[in-house]
Protein chains: 2
Amino acid sequence: MEPIQVAGITFRLDPGKPLYEQIVDQVQGALARGDVKLNERLPSVRELAQLLKVNPNTVMRAYQDLERGGLLMTYRGQGTFITDKPQPVERLKQDLAYRAVAHLVNEMRRLGFSREQALALLQEVKWS
Amino acid sequence: MEPIQVAGITFRLDPGKPLYEQIVDQVQGALARGDVKLNERLPSVRELAQLLKVNPNTVMRAYQDLERGGLLMTYRGQGTFITDKPQPVERLKQDLAYRAVAHLVNEMRRLGFSREQALALLQEVKWS
DNA sequence: TAAAGTGTATTATAGATGTTAATACACATA
DNA sequence: TATGTGTATTAACATCTATAATACACTTTA
C-alpha cells in the first residue's frame with residue numbers, strides 16, 4: 001500500500017472503498033490542489049493498471065468517470081490527457097468544497113448543534 | 001419511504017446505504033438531539049421490523065450495534081431500552097461532532113483550501 | 001505496410017456484502 | 001402454560017466490485 005507518484009498525482013489505494021472511486025478521488029484532489037499541469041498526458045490504461053497492480057478495467061472505469069466530468073480527454077490510439085480548460089477544474093473544486101461543507105451542516109444539524117457551535121469546533125480543531 | 005415515528009424517533013429508510021446503518025444513525029441522531037427519554041422502551045425487534053418492513057435480523061443487527069456503544073440495554077424476554085445513563089449519550093454527541101468536523105477538515109485540505117476559507121464557506125452556507 | 005501501443009467493449013467468473021427467510025432456543029411475564 | 005421477548009444459525013439471493021481473457025478500432029512509428 002505504499003503510495004505511487006506519477007504525473008504529479010499520488011496514488012494510494014486502500015481496501016474499504018472501491019478502487020475506481022479512489023483513483024477518481026486522487027486525480028480530482030491533484031487537480032483541485034493544482035498539482036497537475038493542464039493538457040498533461042496520463043499513463044495509459046494498461047500502464048497505470050500495472051503500476052497500481054489493478055485490473056485495466058478498473059482504471060478504465062475511473063478514467064471514463066473523470067472524462068464524463070470534463071476533467072480528462074481521451075483519444076483512441078493516443079492516450080488520456082488532463083483537460084486543457086481551467087473551467088471544469090475550478091468548477092470541480094467549488095463543487096466538492098460546497099458538498100463537503102453541506103455534508104457537515106447536515107450532520108451537525110442532525111446532532112442538534114448550532115452554526116456557531118460548528119464554527120467554534122472548526123476553529124479549535126487541529127488543521128495540519 | 002414515508003417516515004415512521006415511534007418512541008420519539010423518526011425512521012426513514014432509503015436505498016443506497018445499508019438498512020441497519022440507517023437505523024443506527026437515526027437512533028443516534030434522536031439521542032444526540034435529546035428527542036428520546038432515557039430508559040424508554042423501544043419497539044421489539046419483530047415489531048420494529050414489521051413497522052419498517054424489514055427483516056428482524058436487520059433490526060437486531062442495528063440494536064446490537066447500538067448496545068455495543070452503550071446506548072441501548074437489552075434484556076432477554078423483556079425488550080430493548082434506551083440507556084439510563086447520560087454519559088454515553090453525551091460522549092456519542094461529542095464523538096460524532098468531532099468526527100464530522102475532522103472529515104470536513106480532511107476534505108478541505110485534500111482540495112487545497114485553508115482553514116479560513118473553510119470557515120468562510122461555513123458562515124455563508126444556508127443552515128436551516 | 002507492419003507492428004506496437006493506444007482506448008474501448010464484451011463476456012465470464014469470483015468474492016464480499018447486505019438482506020431476506022425459516023427455524024430454533026433461552027428467558028420473562030401474564 | 002402460553003405469549004412475547006432477545007438471540008443464534010443456516011441457506012438462499014441480489015448487487016457491487018474486481019479480475020480475467022479476448023477482441024476490435026484507431027494512431028503512431030519503425
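Heavy-atom basis, side chains included; hydrogens, waters and symmetry copies ignored. Labels below follow one simple rule: chain letters A, B, ... track the order of the sequence lines, proteins then strands, and each chain is numbered from 1.
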For the backbone of D95(A) and the side chain of K93(A), can you confirm whether one donor and one acceptor N or O come within less than 3.5 Å of each other?
no

Give me the bend of the helix from dT1(C)-dA30(D) to dA30(C)-dT1(D), using the axes of the five pairs at each end, rounded to 10°.
0°

How about E21(A): does its CD atom have over 12 heavy atoms from other parts shown lying under 6.0 Å from it?
yes

Keeping R61(B) on the side-chain end and L19(B) on the backbone end, is there a donor-acceptor pair under 3.5 Å?
no

Give a yes or no answer on whether the side chain of R115(A) reaches the backbone of V105(A) with a donor-acceptor pair at less than 3.5 Å.
no

Side-chain donor/acceptor of R46(B) to base of dG6(D), under 3.5 Å:
yes

Please answer whether the main-chain N or O of I9(B) pairs with a side-chain N or O of Q26(B) as donor and acceptor at a distance below 3.5 Å.
no

Nucleotide of dA18(D), dT6(C), dT19(C) approaching P18(A) most closely (side-chain heavy atoms):
dA18(D)

May I have the distance from M73(B) (atom CE) to dT5(D) (atom P), rounded to whole angstrom?
17 Å

Hey, is E107(A) close enough to R110(A) for a salt bridge, meaning N to O under 4.0 Å?
yes

Are any of T58(A)'s side-chain N or O atoms less than 4.0 Å away from OP1 or OP2 of dT17(D)?
no

Does dT7(D) have OP1 or OP2 sitting under 4.0 Å from an N or O in the side chain of T74(B)?
yes

Side chain R41(A), main chain Q78(A), donor-acceptor under 3.5 Å
yes

Separation of dT17(C) atom P from L19(B) atom CG, nearest Å, is 17 Å

Taking Q22(A) for its side chain and D14(A) for its backbone only, find out whether a donor-acceptor pair lies under 3.5 Å.
yes

T80(A) side chain N/O closer than 4.0 Å to the phosphate oxygens (OP1, OP2) of dT6(C)?
no

Closest nucleotide of DNA chain C for N55(B) versus for N57(A): which of these residues is on the 5' side?
N57(A)

Expressed as a whole number of angstroms, how long is the span from L48(B):CG to dT5(D):P?
12 Å

From the list dT19(C), dA28(C), dT8(C), which nucleotide is the closest neighbour of the side chain of M60(A)?
dT8(C)

Counting only side-chain N and O atoms of Y20(A), is one of them less than 4.0 Å from OP1 or OP2 of dT17(D)?
yes

Measure the distance from CZ on R41(A) to P on dT27(D) and round it to the nearest whole Å.
15 Å

Atom CD of Q64(B) to atom P of dG6(D): distance rounded to whole Å?
11 Å

Atom CD of Q50(B) and atom P of dT19(C): how far apart are they, to the nearest Å?
19 Å

Taking only the side-chain heavy atoms of R76(B) (C-beta and beyond), determine which of dC27(C), dT19(D), dT20(C) contains the nearest atom.
dC27(C)

Distance test, side-chain N/O of S44(A) to OP1/OP2 of dT6(C), below 4.0 Å:
yes

What is the distance from CG of L66(B) to C1' of dG6(D), rounded to the nearest Å?
15 Å

Given atom OH of Y63(B) and atom P of dA8(D), what is their separation to the nearest angstrom?
16 Å

